[in-house]
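This is a predicted model, so every value here is computed, not measured. Here is how names work: the chains are called A, B, and so on, in the same order as the sequence lines, proteins then strands, and each is numbered from 1. Reckoned from all heavy atoms, side chains included, excluding hydrogens, waters and symmetry mates.
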Amino acid sequence: MTVRVRIAPSPTGNLHVGTARAALFNWLYARANGGVFIVRSDDTDQERSTAEYEEGILESLRWLGLDWDEGVSVGGPHGSYRQSDRYERYREVARQLIESGAAYYDQRPADELEALRQQAQKEGKHPGHYIRRPDQEFDSGVIRLSIPQDAPIVFDDMIRGSVSFEPRDVDDFVILRTDGIPTYHLASTVDDVDYGITHVARGEDLLPSTPKHILITRGMGAGEPVYAHLPLLFGTDGKKLSKRDDATSLTDFRDAGYLPDAVFNYLCLLGWSIDGETTIFSRDEAVAAFDLADVSKNPATFDPEKLEWMNGEYIRAMDPARFIELVVPFVEDAVGRELDGAELSRFEEISHLVQERTKLLPEAGEQVTFLFTEIDEYDQKSWDKVMTKDGVADVLAAASQRLGTLETWTAEAIEESLRALLAEMEIGVGKGLQPMRVAVTGSSVSPPLFESMAVLGQEKTIARLDTARSLLTG
RNA sequence: GGUCCCGUCGUCCAGAGGCCUAGGACGCCGGCCUUUCAAGCCGGAAACGCCGGUUCGAAUCCGGUCGGGACUGCCA
């Protein structure tokens, strides 16, 4: 039997990391087993679903590198991958469930049901005890599933093992609303049956809903898929990762300068590991080793610091040309304009030094703005720490003078000449170079100085040394 | 309140009765390297929630307890 899995995001927002991780695990399982990965749009919440979000989610999936199987997803074997296009099908199933006695119309008003719920809670019982089929027969209203009370609902979860629910703890839930729109439970389950989904891997938050889905599946006369309930993701504060947190959608990560490979790798590690020793691995390696049964049961806390570290690892390992390609937009963003050809090649000269120092793409831009814009403001802390010491003006003056005589303007030549100068002046290298760094780059933190000067150019380097010196001497 | 799930370093993961004086990674601390910052290298602190039981032997199995979480909608 071919493995067929799916991810069914609701287009009510951007792709959330929790959903992305669920998508990732489904994708891995499909690819690991030569199966099919389907993307479906669970847009039965008509109030909040939009086409823009739907496209955005697909884009994020592509960005992460999770390719889905088009022919069966979009306009697949049973029509559309979009639930809102399949309402007739869900109504048809609801009707069939009524005919077979598995479901019934319920006309009771909302306030009456609410009263039942409160009574149940007061008595410490599940609402299922009360929200049961009324004796009367109706032919309109919501449609509820009638929960068979004869046996517990048991299933074997790939991650959690055997899970069991007593039928009296499951209430007669709504499958079709008054307006004829199916609820999530119905639509999702019918789709899983119609699409021949073999494995349902989803968040653990849906574990309590699983008996409902099993009952619908049985009511349709179909066999149940294998369930695998993934551990939930929590934020750094130990609470469920919410959309209120800063970066929880994939687009946020992309915009912040994260690499899809790093995000992919990191997400894999949230609830799974390749062998307990290896931290950095490729998609192919993950696919080769992945099994849903190996996924951890524990909820995982999303750790932005580790992701950031990992992003740095991927940036450093990247092909230099690729790094330049990716980072130039961020450089231009930091500089505030596009770079011309000459500037571009100057950046390329120094980019390998920037690459080592970058964890997030935008940081690369910040590191090199001094090359392309004049320094109109020195970093205050750097200035206070470095420039207010005795003898700084003399060092700057001497450096300016000495560099002015240099005939070969290369990092090596600059280094040689400056080292010699400082030796003559009997000033330590560290102490002597820092003022020059601040003068030339505007900060005490920068890419390596000699290379920076080399790329900046002789004229500008000397001018900046002079400017800083004159600020000191008044 | 009820139902269900979960419980190894601060965090993620390894561990499927003896290989565990519990391993790897991030972070943290210290050192080396060094023109700053990174990177790199070396070293360190840091965990089996608790109580019983099974067993020659338990992080691993069982029970209880405590703690955390999810669900409890005509939201998904």
TODO: Tell me, please, which residues at least two apart from A/Asn265 pass side-chain hydrogen bond (donor to acceptor under 3.5 Å, both in side chains).
DONE: A/Tyr314
Task: Contact residues, residues 409-419 of chain A to RNA chain B [heavy atom, < 4.0 Å] - done: A/Arg419
Open item on the list: Considering every strand and a 4.0 Å limit on heavy-atom distances, what is the contact class for A/Pro9: base, sugar-phosphate, or nothing?
Closed with: nothing
Using a cut-off of strictly less than 4.0 Å, decide whether [X] has a side-chain nitrogen or oxygen near OP1 or OP2 of [N].
X: A/Arg117; N: B/G73; answer: yes
X: A/Arg316; N: B/G40; answer: yes
X: A/Thr44; N: B/A76; answer: yes

TODO: Write out all pairs satisfying side chain to side chain donor-acceptor pair (under 3.5 Å) with one or both partners inside residues 178-190 of chain A, taking only residues at least two apart or from two chains.
DONE: A/His185-A/His213
Task: All pairs passing side chain to side chain donor-acceptor pair (under 3.5 Å) where residues 425-436 of chain A contributes a residue, at least two apart - done: A/Gln434-A/Arg437
Open item on the list: Walk along nucleotides 3-15 of chain B from 5' to 3' and tag each nucleotide B, S or - by protein heavy-atom contact under 4.0 Å, base first, then sugar-phosphate.
Closed with: SSBSSS--SBSS-
Open item on the list: Tell me whether A/Glu204 is salt-bridged to A/Arg160, with the criterion being a basic N under 4.0 Å from an acidic carboxylate O.
Closed with: yes
Open item on the list: Salt bridge check, A/Glu415 against A/Arg419: does any charged N sit closer than 4.0 Å to a carboxylate O?
Closed with: yes
- [ ] Given salt bridge (Lys or Arg N to Asp or Glu O under 4.0 Å), test A/Asp194 with A/Arg40 step by step and report yes or no.
- [x] CA-CA 12 Å; A/Asp194 285 355; A/Arg40 180 214 294 168; over 6 Å; no
Can you give me every donor-acceptor pair (side chain of residues 142-151 of chain A, partner residue at least two apart or in another chain, under 3.5 Å) with its distance?
from	atom 1	to	atom 2	distance (Å)
A/Arg144	NE	A/Asp106	OD2	2.5
A/Arg144	NH1	A/Asp172	O	2.7
A/Gln149	NE2	A/Ile147	O	3.0

